[in-house]
Each structure stands twice: as C-alpha cells, then as structure tokens.
Peer 1: 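Please find one structure pasted underneath; my questions will follow.
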Amino acid sequence: MLTTIIQENTYQDSVTLMVLSNHVSSLEGINKVSIMMGTPANLDIFKSTGFYTEELEAATPQDMCIVVDAETDQTEPLLAAIHDFLNNQTKQDSGDKKEVRSWKAALEELPGANLALLSIPGQYVEYEARKALNQGMSVHIFSDNVPVDVERELKQFADEKGLLVMGPDCGTASLAGIPLAFTNVVQKGRVGIVGASGTGIQEVATLIDRLGGGVSHAIGTGGRDLSTEIGGISMKAGIRALAQDESTDTIVVISKPPAKAVREEIEQLLQQITKPVVAFFVGEHGLAPDNHVVYADTSEETALLALGKSTDERTRVEHIPGEATRIVGLFSGGTLAAETADLLALSFGVEADREHRDGFSFDYEGNVVIDLGDDVYTQGKPHPMIDPSTRIDFINRYCDTNDSIVLLLDNVLGYGSHDNMAGALLPTLQALQTSRPNVHVIVNVCGTEQDPQRYSAQKQLFESAGIFVAESNVAAVEYALRMIGNEVPQFEQKAVPTVASSPQTVESSEAIQQLLRAPKVVNLGLRSFAEAVASEGGQSVQYNWQPTAGGKPHLQRLLALMS
Amino acid sequence: MSIGAMIQEANAKVVQTILEGQPFLTDVVPAHTVIPILKDKVLLHAGPPIAYDDMTGPMKGAAIGAVIFEQWTDDYEEAERMLERGEVTFTPCHHVNAVGPMGGITSGHMPVLVVENRSGSAKAYCTMNEGIGKVMRFGANDAEVISRLHWMKDVLGPVLSKTLQETGDGVNLNVIISKAITMGDEFHQRNIAASVLLLKELAPYLMLADVADTERRDVLQFLADTDQFFLNIMMATCKAVLDEARLHEAGTIVTAMTRNGKEFGIRISGMGDEWFTAPVNMPEGLFFTGYSQDDANPDIGDSAITETYGVGGMAMVAAPGVTRFLGRAGASEAQAISEEMIEICDRHNPNLSIPSWDFQGACVGIDIRKVVETGITPIINTGIAHREPGIGQVGAGTVRAPLACFEKALEAYAEKLGLVQHA
C-alpha cells in the first residue's frame, strides 16, 4: 500500500533526502520510503520506480514528497522519525588525533620530528630506516628479523650523519622521560643508561627509581650491537651522547660481555669521558675498577653504584620461610633470566648455558632457568610480558612434581606490558598453593609506582595471596638459593665511581643532543607506542604504515630509483 | 642529476603548466565542425578504447540513442543491430580533444562547448549537460531524451553561441572556478555555484543576442534549472589545461583519468598518449528509492578529468555536503579525504584557495610515484548509472581509481628511462 505525504514548502537538498529515505526505510512495518522534492524530474523518478501516486500531481518543486510503501498506515511514526532525523543531523566529532599514511604527512603533522620508532616487519626496516636517516632523524628499531649486515650498514650510515640507531630488536628506551616501546615510567634523574639488553635496562632503571633516584635517558642499542660485526657503533654513540648531555651526571653501561675488540674500544672511550661510569657486563665478575669506571657484578649493584650508594646498602628481609630442593625460574625478561642463570651457575660452580637452546639459560640437576621470551616461544604468539598463557603452561608443567621447588617468576611492568599480569597469574598460583604446597613462589616485580600497572598494586596482589615479592631480581635469586641451602654468591665491595680528573675528549652530534633534549616521535607500526609517548607528555604522530608499493619488491626498487 | 631530481624537475614544469592554464569558454558549435571524424558514422565514447560488444548498458543505451538522434535510422532495434554489425565506428573522446560525461557518447550534430586554453594552444570540447533524470549520458534514450537533444542542437547551442559572441572575449573560467570553490562546489558532484555564476556572467549578453524571445526565455529557464550545467564546462576546462601539460612528455604526473565501464585508464606526463588500464571499481553511494547497489553500473565516464585536475573528490573539503554520498557526514571527514589526497599530489593549487581548508589550495598534480608508494588511489565523485541500457541515473557516490593502472604506468616510465633490466 502506497501512502503519500506532501509537506508543503519544506526544502531539503537531495542528498539529505536520499540519506533520510534510507534511514526511515529501515523502520519497522515499512517496506520502503521514497522522499524527494516535487520537481518534474523527481516525479519522473517516482514513476519509474513504482512510487507514483495521484496525490503527487499536486506537488510543486518546493514540496517535500514522501511516498511510503507499508502494509498499514505508518504516517505518524514515520513523520516522527523524519522530524527526528532532520533535527539531529550533526554528527559527533570523533576527536581522534590525526594519523598519517606517509612520511610527508608525518613530517607536516610533526615538524622537527627527530626520531622514527619502527615496529614493522623486519624486511621493511631497512627501507624505512633509511628514509628516516636521510631526513635527519634518528631511529629506534623495535622490530626484529633484521639481517646483521643491514644493521651494520644502517648504523654506519647513521654514525656518518651524526644520528643514532637504537636496535634492531630494541624493546625498550626512554629519552627525556618519554617512553619508547616497552618501557617503565621512571622518575627523572641524573643517571643516563645505555644498554644492549632490554630487561637489564628495565631492572636497573626501576631499581634506581625505587631507591629514590631517577634516570635522564635510557638508550637501547639492540642485542647485537657489541658483536664484532657491528662493533658497538650505537653503544659508543650512546656513551658519547650521555657524556655530552647536561642532564646526565652518571653513566650506566649494560650489556652481555662484548666481543674482545669491541670491549677494548668501549673501555677506551669510557676513559675519555669525565663522568662517573658504572658498567655491568651480565655474567662477568671480578673486573677491577679503571679510574672513574667501576664494574658491577649484578643489576642491583649497578643501580646502587649509579646512585653513589655502597653495594651493601641493599635491603633484604631477615628470613623467608620454606625449604626446597631445586629452583625453577620461568622468566619473561631475557636479561632477568640470564642474570638468574649466572648467579645459579656461580652458586653451583658450573657454567651457565651459553647455547640458550629452547630458551634454557640454565639447566643443572633439576635446576632450570627458562627465558619464555625466546624466539622459540614467541613464534605466532604474543610475548610473555603481554600474554600469560605460555608461562601458565610452563608453571603447570614444571610444578607437576612432588619435589619441593622454588618457583622464580618475573613480572615486568611498564607501557606495552600486560595491564595486570599479577591478576592473570594468580589463579594458577593459588591453585598450586592447594594442590602443590611443596611449591614456593618468589616474584620480582620489575616496575615503578608511576607505571600504568603501579608497582605497589601488583605487589599487593601477589602478597595478598601469600606470595613473596622480592626487592629485586638478585634478591629473588638469593632467597631461592638460601631455600635450597646453597651458597649465595658474594662479590667484592666496590668504591662508588668518581668524576675523572682528565678533560673530556669525546663529542656528540647536535642532532643527537637535540634528540635527548626533546624527542619528537614518528611512530611507524604499533599504535600503543605512540599513545605511550603522548601519555607521558611527548610529541608523536601515528603513521599507519603499510608496506611501500603494496610490498612488491620490483616496484619498491623502481620507486627507490625514481625518488 | 639523479633520476629522481630529473623527474622532480619535469613534474614541476608539468604542474606549472597546469597552474598557468587560462581556460576561456568561447563557443558552442556542432561537434562535427571541430571534430572532423564525426562527419562520418562515428560516435565518441568515454574512457580508454572499447568495442561496442564490450560496452556496459548505459554506454550502449546512449549509443542507440545517438544513432536515433543522428537519424541514421528511426528504429531502436535497427539502431542496435547497426551497432552490433559494426556499422558505426567508435573512438574515445580523449583521442579527439574531447571529454564526455558517463557514457560520453557524442555524435556529429550534438552541440559541444568549446574551451580554449589561452596559455597555450589546447582546445577541448564537451557536450552540454542535459539536466537530471532520464538523460542520455546515463543511458536513457527514449523520445523525451532524443527530443531534448534536438532542442539543444536547434536552440540551446545556437543561442549560447550567439551569447558567447556578444561577450567578445568569451568567459574567463578561472574567475568562475576560483569563486565557486569558495561557495561549496567541488565541480563534480556539485556545480551549483559555478552554474549560477556562469548564468550571472552570460545573462546580460543573452539579452543582447539576436535570438527569438521564446528561445531566449527557454534557454534562460534551462540554465536556471540545470544545477550541473557547469560540470561539462569544467570537464572541458580540465581537459584543455591538462592537454597543454601533456605536451611536456616527461615526469610522473597524471594527465588523464577516465573510465569506459570496463577499464579505468590513466595517462601520465612522461608517457604521452599511452593508456594504462585496469578493471574499474564499482561506485558506492546513495541510491534513489527503488534502486540499490545491485542495479549499479561499474565506474564510467570521462568526468574523472576533474579529479585529475585536482577537484571533484580530491577537493571534497570544499564541498562537505557531498561527503554524504559516502554514507558519512561531516566537515571533518571531508577534510580527511582531501588530506589523504594531498599525500599523492605534487602540491596545493594557489589559484583554488579553499576557505574550509584554512585557505590551502586544492590538490594539483597527482604523482604516480606517490600513489604506488602509499597505495592511496584518487577518490572520484561520480553519478551512478543503471547497469541496463535505457534506464538512466540511479544514484551517486564515490569510487576509487584502481591501483594497478598506476603501477603499470610507473613500470612503463621506468622502462622508458632505462631502469628496467631485461632477463
């Protein structure tokens, strides 16, 4: 049944009426509605679409003509709906921050951008990193799967231009308090960190924060930087940058033991600066101080020394109850696992597992330390800092025993990590308390009060379930060793590093100094990284990156030649 | 000089030529007087070359109508058979300095607008807008359509020709265009401001023209009724300006985009007359009640020459009302579209300052390097024809140019520059 409603002298433009027709055609009880101004051309359309009625003959071009196809009279609800639509045509602005899809637009949106943060597939890193470097921007490469020769070329190119490349596979960094990638929110302070190991930086930085100190910058280099192939290019640039930086008083260097030739260059460079230096080469011990450079044996010592505190100023509770026969460490942080393995190896008088097969950092007489962030466990799965499922599997597997064991866990907080890992692990841990009372759990929470998850809140969650939270990664290992009746490794007391007397002879480029003063970030890839920058008051633009030229290599090559 | 710098320099010249264009509307004449091949049994069509058998409904419908209009037969079925037998030759409008909306079907006795680009020597031709509803460009071809075409040939064309002669110099189109873009026109979906401004320019001379008063009145009424009258003038304008730029024979700037219902074709400055084609996309938008997406013909028409010039969908920010054809509303979304489009263009056009874009100029100079790099393809505002011949317009909306033709053009130009190694 066709019903005709003519609203005289009511003008709406045709687009509005088309939108309106669609809108009200979806009303219940209505098959279809056609609404048009009564012009001769529109009356023809009414005819050709089967909506013409005799009443339309009287319509003029100034009249809004409504023809309804409905089983029953729907005039009243229809007119109400039309009225409602016409009176509420504005749309709420989404208020979204502008996002871009090209370098050009990114630089227009954020003039003076000086850092590109890349979390894109490894095969595209070289192309985009070069673009950034060519535009005078430093680069933070979160992505992995970047060939080592590409890494070397990028770093050499950057070095020639006085720019910095952090990464590849650089999980964490923070410049002037602006968090980059997976990063804790640490109080601002006078300690500058440059490190080749992600959770090594995070553990030291968060300890510094919890000890009442602060960090000026944390520069990541990527895990391969101190290899012979790369030659520590980024580590050296980072050291020079912090040496020059006015907001940094003390420099912390963190890395796995470097290749020999690289180590000599680093040591030489450290001698050329005047600021006190604390160097921590994970797994190396007994290194003698060298003027103003002091070598720490653990992450905890590193934090204490960097704040000018004595290494015996660490805090420990008197005693935690429980006895066990062996230690099972299930870690999300690679360096936290490596340091744990190192301390266990020292205690047992054996070598730590250097092969790292299947993420095993240590495996001796039932004592195991596993890095669940190893590539073996992250193929097609999120990292265990984000997704608890792999760790829950491993907890259930390794605790399915009548042995009395100490279960060591880390909980790494900060931007990028799970927003409540304690809450995610608790059901599993609480079930264990009933089914396996022989399992003693010790957790190290790597985080600060300013982190989105809040250190105290995560600690409280564990403690309310009767789970012990240690003061640091090192403290957690020490408690565990005591529980199995092992010796705790003892390290020599160190003198706090002092300011060098000889004049400083290193210099850092203006571009890198500018970067340290005020990072402005073009974020290619994971949107949450740009959000983290903005949350801490930094400037960033989100570049919704897609592979150039649809990822077609021959077109990419032609574009490179034609640009 | 690096190849990249060489291309950049060439592009700068091409864009400069576009910016320096001086289009004037000078006359309305029978098509065969300026396009000599139309003296024979030839019809022009929109898009890159296509055979009759491959044409979609609206183009076929318009071709049948044109055969009737030219009185090659008075029987519709016979007209169709003549076309099927290949008795009529088809040529793209673009090959004879012309452009045509939707089907683009143009025959010898149809009047065409003449736009001269006085910064050079290019001239371009386009049929006149027939109004809306049942019209030939959308494939309608009944008696009403044919009789309107005859009126346009016998009355509208000659009256406008005499009117334009009275102006002495023709109508300076840059003036109208730069005014109208500040009044909400984007020159593809919306031309009402420019159409009114043109009428304002012509009205005094129309009074002076030596024509019968009834004809004067009918022409004035037609111009007053036809909101999209300026669209076809804009198309000829863009063609005349871009054809001048095409003479550079270097660079990666798009000089034409057009669709024949099957293939989307582009030309680029570095490759002269060569077409690079890919299958057209299906426009999406709003449909008149009674019609739906299922009735839509694939993308068709030479009118994407407006987007090539940097207006139409590229200038959505100037005409936020048109955003509604995307099924969305709002000035912020119109702006987002133009912001996206400027990413694939050489620069802003200072002659076409857009108030709602903080007076930034419209886009100019689509660079295929940027299109291929970003995967952003030009967005085109378009009418939507019914897929069957003889029905006409069923809606309006937007459509994207297919990426593949830009990739092909890039590869071809790279080969011309000797950048492609052969195995």
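Just so we're on the same page: letters track the sequence lines, and every chain starts at 1. Quick caveat: nothing in here was measured; it's all calculated off a predicted structure.
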Peer 1: What part of B/Q335 gets closer than 4.5 Å to chain A, counting heavy atoms only: side chain, backbone, both or neither?
Peer 2: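 It is neither, since no heavy atom gets under 4.5 Å.
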
Peer 1: I need the residue from B/L417, B/L410, B/T374, B/I3 with the largest number of non-hydrogen atom pairs under 4.5 Å to chain A.
Peer 2: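 Heavy-atom pair counts peak at B/L410.
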
Peer 1: Start with the C-alpha gap between B/Y291 and A/S48, add the side-chain angles, then the distance that decides, and say whether side chain to side chain contact (heavy atoms under 4.5 Å, CB included) holds.
Peer 2: CA-CA 10 Å; B/Y291 298 111; A/S48 61; 3.7 Å; yes

Peer 1: For the side chain of B/S269 and the backbone of B/I253, is there at least one donor-acceptor N/O pair under 3.5 Å apart?
Peer 2: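 Yes; judged by distance alone, with no hydrogens or angles, the pair exists.
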
Peer 1: Name all residues meeting the ring pair (Phe, Tyr, Trp, His ring centres under 6.0 Å) criterion together with A/H554; count only those two or more places apart in sequence or in a different chain, and write none if there are none.
Peer 2: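 None.
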
Peer 1: Quick check on B/F287 against chain A: is it the side chain, the backbone, both or neither that has a heavy atom closer than 4.5 Å?
Peer 2: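 B/F287 touches chain A through backbone heavy atoms alone.
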
Peer 1: Would you find a donor on one side and an acceptor on the other, under 3.5 Å apart, between the side chain of B/R137 and the backbone of B/M102?
Peer 2: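 Checking the backbone N and O of B/M102 against the side chain of B/R137, no donor-acceptor pair under 3.5 Å is found.
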
Peer 1: So which residue, A/R557, A/Q546, A/M562, ends up with the most heavy-atom pairs under 4.5 Å with chain B?
Peer 2: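 Of the options given, most contacts go to A/M562.
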
Peer 1: Is it the case that A/N22 and A/S25 place a side-chain donor and acceptor less than 3.5 Å from each other?
Peer 2: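 Not at all, the side chains of A/N22 and A/S25 share no donor-acceptor pair under 3.5 Å.
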
Peer 1: Heavy-atom distances under 4.5 Å only: say whether A/L17 touches chain B with side chain, backbone, both or neither.
Peer 2: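 A/L17 has no heavy atom closer than 4.5 Å to chain B.
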
Peer 1: Counting only heavy atoms closer than 4.5 Å, note whether B/I376 contacts chain A via side chain, backbone, both or neither.
Peer 2: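 Backbone plus side chain of B/I376, per the 4.5 Å heavy-atom cut-off to chain A.
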
Peer 1: Can you say whether B/I132 sits under 4.5 Å from chain A via the side chain, the backbone, both, or neither, judging by heavy atoms?
Peer 2: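 Both backbone and side chain of B/I132 come within 4.5 Å of chain A.
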
Peer 1: Please identify, among A/E108, A/R101, A/K104, A/K32, the residue contributing the most non-hydrogen atom pairs under 4.5 Å to chain B.
Peer 2: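 Ranked by contacts with chain B, first place is A/R101.
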
Peer 1: Pick one of side chain, backbone, both or neither for B/E340, based on which atoms fall under 4.5 Å of a heavy atom in chain A.
Peer 2: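 It is the side chain, since no backbone atom gets that close.
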
Peer 1: Can you say whether A/I45 sits under 4.5 Å from chain B via the side chain, the backbone, both, or neither, judging by heavy atoms?
Peer 2: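 A/I45 touches chain B through side-chain heavy atoms alone.
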
Peer 1: If the plane angle is over 60° it's perpendicular, under 30° parallel, otherwise tilted; pick one for A/Y124 and A/W545.
Peer 2: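 Rings of A/Y124 and A/W545: tilted, as their planes differ by 30° to 60°.
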
Peer 1: With a 4.5 Å heavy-atom cut-off, do B/F276 and B/E407 have their side chains touching?
Peer 2: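 No - every pair of side-chain heavy atoms lies 4.5 Å or more apart.
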
Peer 1: Using non-hydrogen atoms only, which part of A/V67 is less than 4.5 Å away from chain B: side chain, backbone, both, or neither?
Peer 2: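 Interface part for A/V67: neither.
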
Peer 1: With a 4.5 angstrom heavy-atom cut-off, could you sort out which part of B/Q393 is near chain A: side chain, backbone, both or neither?
Peer 2: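 When you check distances to chain A, no heavy atom of B/Q393 falls under 4.5 Å.
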
Peer 1: With rounding to the nearest 0.5 Å, note down the distance linking CG in B/D367 to CD1 in B/I268.
Peer 2: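 So the CG of B/D367 and the CD1 of B/I268 are separated by 9.0 Å.
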
